[in-house]
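Report on one structure; see the data block that follows.
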Amino acid sequence: MPDLPDLPDRPEPAEPQETDAERRRRRARFLRDLAEARALRDRVQPRRAKTARLRHAMRMRTFRW
């Protein structure tokens with residue numbers, strides 16, 4: 001059995017911990033970019049967007065609360 005180096009349980013973060021506000025700001029920007037990308041894809045591929053909408057609607061109808 002090869003000798004493995006002792007690894008720490010958790011890697012040390014290279015950056016100081018980000019604040020909740022920074023994390024929320026970064027997440028909001030990511031979600032805005034994602035929505036923009038989806039809107040662009042829907043414009044350039046309308047048929048695929050329609051089938052995706054129909055598929056999503058079917059999933060929501062068959063989902064049990």
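All figures in this text were calculated on a predicted structure; none of them were measured in a lab.
A distance of 10.5 Å separates CG in Leu34 from CZ in Arg27, rounded to the nearest 0.5 Å. Note: Leu40 CG to Gln45 CD = 9.0 Å, rounded to the nearest 0.5 Å. Rounding to the nearest 0.5 Å places CZ of Arg24 at 10.5 Å from CD of Glu18. Atoms CZ and OG1, on Arg47 and Thr51 in that order, are 9.0 Å from each other to the nearest 0.5 Å.
Contact annotation: the side chain of Thr19 never approaches that of Arg23 to less than 4.5 Å [non-hydrogen atoms, C-beta and beyond]. Two residues are said to be in side-chain contact when any heavy atoms from C-beta on lie closer than 4.5 Å; Met58 and Arg61 meet this criterion. The shortest distance between side-chain heavy atoms of Arg25 and Glu22 falls below 4.5 Å.
If you check the side chains of Arg53 and His56, you find no donor sitting under 3.5 Å from an acceptor.
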